[in-house]
Visitor: 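Next up is a structure, given as structure tokens.
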Amino acid sequence: MDAERRQRLEATTRYDPAEVEARVLATWLEGGYFHPDVSEGDVADPYSIAIPPPNVTGALHMGHALNGSIQDALIRLNRMRGRSTKWAFGTDHAGIATQSVVEKELRAQGISRHEIGREEFVKRVWEWRERYGSTIVEQFKRLGASCDYETERFTLDEGYAKAVYTVFVSLYEKGCIYRDNYLVNWDPGSRSAISDLEVESREVTDTLYSIDYPVEGSDEVLTVATVRPETMLADTAVAVNPDDKRYGAFVGRSAILPLVGRRLPIIADEHVDPEFGTGALKITPGHDPNDFEIGRKHGLEEITVIGEDGRMSAEAGETFAGMSVAEAQKAVVAALRDEGRLRTEESYTHAVPFSHRSGERVEPLISLQWFMRMDELAAPAIEVVERGDVRFTPERWGRVYLDWMRNLRPWCVSRQLWWGHRLPVYYCEECDEVTVAAEEPQRCPACGGALRRDEDVLDTWFSSALWPFAVLGWPGEAPDLQAFYPTDVLVTARDIIFLWVARMVMMGLEFAGDIPFSDVYITSVIQAPDGRRMSKSLGTGIDPLDEIGEHGADAVRFGLYAMSSTQDVRYSAAKVRQGRDLANKMWNASRLVILNAGDAVPEANPARLEDRWILSRLERTVASVTAKLDAYDFAHAALVLYDFFWSELCDWYLEIVKPRLYEGEADLAGSLLHVVERVLALSHPMLPFVTEAIWSELPARERPLVVSPFPLADETRFDDEAEFALGRDIELTRALRRWRDVAGVPAGATLSARLVGEQAPHELVSRLARLDLSGGGGDAIATVGPVEIVAAGAIDVELARQGIDARRTELQAEVERAERKLGNTGFVAKAPPELVESEREKIERHRAELAELGDPT
RNA sequence: GGGCGCGUAGCUCAGUGGGAGAGCGCUCGCUUCACACGCGAGAGGUCGCUGGUUCGAAACCAGCCGCGCCCACCA
């Protein structure tokens, strides 16, 4: 090692992630290690993941950080195993989200999108994307995510659009996609229809009004209850339960709609609950999902009185037209009161649909939209999960998936937005022909007339559903598709199992001819430290980039792995610090080894007991960490690694062998280099930066760690004997240290002692417990295992005695506990014999130690 | 209304049939020549409650209490 390098290493007593990470990342990217070569066609032993594409508008949040860290660990693990590995990367155009961001920016300049028109607006969004779209890419790199950035895709790029159109046309031709006038969830906020999945229900306290509807040709009334009296203007029937004796006579007659005067047929329908309210239900097919169903069943007229702008339309009549829904409600209630039709008003709390997008209350409206029927595609997608071809981890999410898939309703796929994949649907200006084609047609194929393209765009999730194969180049002869489809695992959060995961399975099976992934790993959701949701608006968000800046990417990754769980967890800054400390520990321990290794060649030399011990512990750790990574158990993988490195390697082994290391023992140095190399490789998937940085300081490394082999546990190194023997000496050392502490022996003082019995402990015991074993004669004031401590100046004899008494009490309690167990005849008869034996052995051992301690004085 | 999950040390979480664990925090002691982002030692828990199964339960079963989430068309 040259002097300059030695000096630099000696001086760097603290691992500095900020300095290291940028440098290491650059070498990875320059080396092209993240980009698999597919030029030869099929690749050997492929491993692939399609990243859940982050929104172009988005900044990296804690969900991405967790999700990205997990995927990266899997990708790096398999890349190091020599598999041909691709982590397909790209961003999502995110329809409404992106359109809103750009609209807001325009509004700040006093421009509305309608002023500049569709074409110009879309152009502006693309410009916006050019300017800011790469932000999130750079942020993933800072995390260390080894995505294939060379083939970055965008869900609105040219090739992707081709995939979307191909799928749309195919589904249309199969009859799965159709246009219909149907009651949809209208989001007045984004002025678009949204799907059922984009609706969230919230508890709202409304007023429940009871209104008298006079029965035609009689003095009687039917009293109906509603929280939305303004929709009565669109009522087209009154319904009662067919078994309801009270109303049997009314069925078939008519009621008169107050304020409007329309005749409403009185119908019987099972849906009406005779127990609720008066048992009579006003039917508004135009503005209520239930009523819509009932209306279609009974062939009722569908009247719409609320427009897409959320205001009362002309249909509502002169008095109310133009009012907002809230104003109309007040006006209707006032009018009813005037007419004496309002019977009661009471407070009523119920679930109300809101738009997940805009946060506004959803207005159910009848609208001409495009729908996708799901039943046909769902059947095979259900089968693959039932068969276990697609496995969920944790398993319970598989059942959630199946429950949803078995109850699918048609999906409204059209959106009244400008930013997105415009429907490949063309209407003839001359005839009724509707043309659906991937390639834009020039003229109407039926009559040659001019064509007008549908104004709507597709739900973003429609294009997302194609991601695993479209990202790899479908449709067409893409080498990546050939090599890497199906992918191995999808890593995502549970909130998009329906929106995304389920639809990918359906589309993958239908269009790519195979499942899109064989595993779905559902990550935990990380909450704010106080247990609330992490969210910008609540001010509870923690920016992973801040954390990376402060503690390093490896620290954040370690923290996230350690936090990850099968349930939701609160963000733990302490776990991130634990990761930071581990990275620092790795750096310093490695520095110790490198600076003292001389010219040693990495090689395991199980010369002495402690060497056999650490080599055994190392291989067991390799086996354990590997198994946990493969089982998606990242928390335990991280913590097992931590325990080995910190406790076994640093606290014990390095402390044990320091004298040998300083003496320049070559075999030892070889072993140490071997252990360091192996543990770095084992850690690399989780802690890529610090391990790569240290790797580059090791002598004669041919390739960077990112493409070096991942260790395979060598079971021939497992050594129960060494583990037992050294474990015993470690326990003895700890007992002696405890005794010193209790006896008030100064930390630096050496204790005079001698050995009793024939079993001599390892040299490490006397050194690490600071004993002078030549303690010859003199009275023993204490016995700790095979060590007799001889009275000397430094010892407070009284304290020592107290310590011994405490130990005696402890042992007596242990003996009693074991005796109690053995006194239980059921235990002796039914418990496994080895367990019973070990209790007997315990009693003997403890009695022996008690005998050594002597009687209380 | 249906379903899922959770309740373990002051805090955040592991542990799912054989003697309660980790990290942080806390206490005591260390300028020990890799690391004070360090080293050594320690205190701290009737494992939500009540019953049951078992030789043995934090773990399995039942009920209850509390918290969270998802799905669902009672106006």
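Reminder, nothing fancy here: chain letters follow the sequence lines and each chain counts from 1. Here the structure is a predicted model, which is why all the values come from computation and not from measurement.
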Visitor: Just the rounded figure in Å: distance from C1' of B/rC37 to CG of A/Asp581.
Guide: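 In whole Å, B/rC37 C1' and A/Asp581 CG are 4 Å from each other.
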Visitor: Provide, to the nearest angstrom, the distance between the CZ atom belonging to A/Arg767 and the C1' atom belonging to B/rC39.
Guide: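 To the nearest whole Å, that distance equals 15 Å.
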Visitor: If a pair satisfies side chain to side chain donor-acceptor pair (under 3.5 Å) and one of its residues is in residues 731-743 of chain A, list it, with sequence neighbours excluded.
Guide: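 Every pair satisfying side chain to side chain donor-acceptor pair (under 3.5 Å) with a residue in residues 731-743 of chain A: there are none.
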Visitor: Does A/Glu844, at its CD atom, have more than 12 non-hydrogen atoms belonging to other residues, nucleotides or ligands within less than 6.0 Å?
Guide: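 Incorrect, the count does not exceed 12.
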Visitor: Taking the same atom, C1', in B/rG45 and in B/rG21, what whole-Å distance lies between them?
Guide: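 Pairwise C1' distance, B/rG45 against B/rG21, rounds to 11 Å.
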Visitor: Is it true that A/Asp212 and A/Thr223 share a donor-acceptor pair across their side chains at a distance under 3.5 Å?
Guide: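 Yes, A/Asp212 and A/Thr223 have a side-chain donor paired with an acceptor closer than 3.5 Å.
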Visitor: Could you work out which one of B/rG19, B/rC35, B/rG42 sits closest to the side chain of A/Asn584?
Guide: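 Selected nucleotide: B/rC35.
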Visitor: Closest nucleotide of RNA chain B for A/Leu197 versus for A/Arg577: which of these residues is on the 5' side?
Guide: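 On the 5' side of the pair lies A/Arg577.
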Visitor: Tell me, which of residues 835-844 of chain A have any heavy atom that sits under 4.0 Å from an atom in RNA chain B?
Guide: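 Here the set is A/Leu835, A/Lys842.
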Visitor: Assess, by modelled atom type and distance only, whether the side chains of A/Ser195 and A/Glu198 contain a donor and an acceptor separated by less than 3.5 Å.
Guide: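 A/Glu198 and A/Ser195 do have a side-chain donor-acceptor pair below 3.5 Å.
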Visitor: Taking the P atom of each, how far is B/rA59 from B/rU16, in whole Å?
Guide: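 Nearest-Å result for B/rA59 against B/rU16 at atom P: 13 Å.
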Visitor: Between A/Asn407, A/Val400, A/Leu408, which is the residue that forms a side-chain contact (heavy atoms from CB on, under 4.5 Å) with A/Trp404?
Guide: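 With A/Trp404 as partner, A/Asn407, A/Val400, A/Leu408 yield a single side-chain contact (heavy atoms from CB on, under 4.5 Å), made by A/Leu408.
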Visitor: Taking B/rU27 as the reference, what is the distance to B/rG44 when you measure between their P atoms (whole Å, please)?
Guide: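 Taking atom P in both B/rG44 and B/rU27, they lie 15 Å apart.
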Visitor: Please name the nucleotide paired to B/rG66 by Watson-Crick or G-U wobble geometry with both distances under 3.5 Å, or report none.
Guide: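 By the stated definition (distances under 3.5 Å), B/rC6 pairs with B/rG66.
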Visitor: With distance as the sole criterion, is a donor-acceptor pair present between the side chains of A/His356 and A/Glu200 under 3.5 Å?
Guide: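 There is such a pair (donor and acceptor under 3.5 Å, judged by atom type) between the side chains of A/His356 and A/Glu200.
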Visitor: From the options B/rC37, B/rU12, B/rC55, select the nucleotide whose nearest atom is closest to the side chain of A/Ser572.
Guide: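 Taking heavy atoms from C-beta onward, the closest nucleotide is B/rU12.
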Visitor: Has the side chain of A/His271 got a donor or acceptor that lies under 3.5 Å from a partner of the other kind on the base of B/rC73?
Guide: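 It does, because a donor-acceptor pair links the side chain of A/His271 to the base of B/rC73 below 3.5 Å.
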Visitor: Apply salt bridge (Lys or Arg N to Asp or Glu O under 4.0 Å) to A/Asp206 and list each qualifying residue two or more places apart in sequence or on a separate chain.
Guide: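 Testing A/Asp206 for salt bridge (Lys or Arg N to Asp or Glu O under 4.0 Å), a comparison that skips the adjacent residues, returns A/Arg361.
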Visitor: Is the distance from OP1 or OP2 of B/rC39 to the nearest side-chain N or O of A/Trp646 less than 4.0 Å?
Guide: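 A/Trp646 to B/rC39 OP1/OP2: side-chain N or O found under 4.0 Å.
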Visitor: Return no unless some side-chain N or O of A/Lys575 is found under 4.0 Å from OP1 or OP2 of B/rC11.
Guide: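 For B/rC11, neither OP1 nor OP2 has a side-chain N or O of A/Lys575 closer than 4.0 Å.
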Visitor: Consider the side chain of A/Pro832, meaning its heavy atoms from C-beta on, and name the nucleotide among B/rG18, B/rC24, B/rC39 that approaches it most closely.
Guide: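 Selected nucleotide: B/rG18.
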Visitor: Please determine if a side-chain N or O atom of A/Arg738 lies less than 4.0 Å away from the OP1 or OP2 oxygen of B/rG42.
Guide: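 Answer yes for this pair, as a side-chain N or O of A/Arg738 is under 4.0 Å from OP1 or OP2.
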Visitor: Which value, in whole Å, describes the distance between the P atoms of nucleotides B/rC26 and B/rC11?
Guide: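 Their P atoms lie roughly 15 Å apart.
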Visitor: Any side-chain donor-acceptor pair under 3.5 Å between A/Thr205 and A/Thr349?
Guide: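 Yes, side-chain donor-acceptor contact under 3.5 Å.
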Visitor: Expressed as a whole number of angstroms, how long is the span from A/Arg734:CZ to B/rG40:C1'?
Guide: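 Result: 10 Å.
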Visitor: CE of A/Met586 versus C1' of B/rC35: gap in Å, rounded?
Guide: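 So the CE-C1' distance, A/Met586 to B/rC35, works out to 14 Å.
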Visitor: How many whole angstroms separate atom NZ of A/Lys830 from atom C1' of B/rC55?
Guide: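 Between C1' of B/rC55 and NZ of A/Lys830: 6 Å.
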Visitor: Specify the separation, in whole Å, of atom CG of A/Leu751 and atom P of B/rG29.
Guide: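 That distance rounds to 19 Å.
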Visitor: Using the closest heavy atom to pick a nucleotide of RNA chain B for each, name whichever of A/Lys658 or A/Ala225 lands nearer the 5' end.
Guide: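 Here A/Lys658 is the residue nearer the 5' end.
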Visitor: Calculate the interatomic distance between A/Leu408 atom CG and B/rA72 atom P; express it in whole Å.
Guide: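 One finds 11 Å between P of B/rA72 and CG of A/Leu408, rounded.
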Visitor: Which nucleotides of nucleotides 1-8 of chain B have their base under 4.0 Å from a protein heavy atom (B), which only their sugar-phosphate (S), and which neither (-), written as one string 5' to 3'?
Guide: ---SSS--
Visitor: Less than 4.0 angstrom between a side-chain N/O of A/Arg570 and OP1 or OP2 of B/rU12, yes or no?
Guide: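 Result: yes.
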Visitor: Just name whichever nucleotide pairs with B/rG1, Watson-Crick or G-U, keeping both distances under 3.5 Å, else none.
Guide: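 Result: B/rC71.
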Visitor: When you compare B/rG19 with B/rC24, how far apart are their C1' atoms, in angstrom units rounded to a whole number?
Guide: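 Between the two C1' atoms, the distance is 27 Å.
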Visitor: Below 3.5 Å, can you tabulate the donor-acceptor pairs from side chains in residues 814-828 of chain A to any protein atom, sequence neighbours excluded?
Guide:
unit_1   : atom_1 : unit_2   : atom_2 : d
A/Glu819 : OE2    : A/Arg847 : NH2    : 2.2
A/Asn824 : OD1    : A/Gly826 : N      : 2.9
A/Asn824 : OD1    : A/Phe827 : N      : 3.3

Visitor: Using a cut-off of less than 4.0 Å, is there contact between a side-chain N or O of A/Arg580 and OP1 or OP2 of B/rC37?
Guide: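 So the side-chain polar atoms of A/Arg580 never come under 4.0 Å of the phosphate oxygens OP1 or OP2 of B/rC37.
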Visitor: Salt bridge (Lys or Arg N to Asp or Glu O under 4.0 Å) with A/Asp235: which residues, sequence neighbours excluded?
Guide: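 Scan of A/Asp235 (salt bridge (Lys or Arg N to Asp or Glu O under 4.0 Å), adjacent residues dropped) gives A/Lys282.
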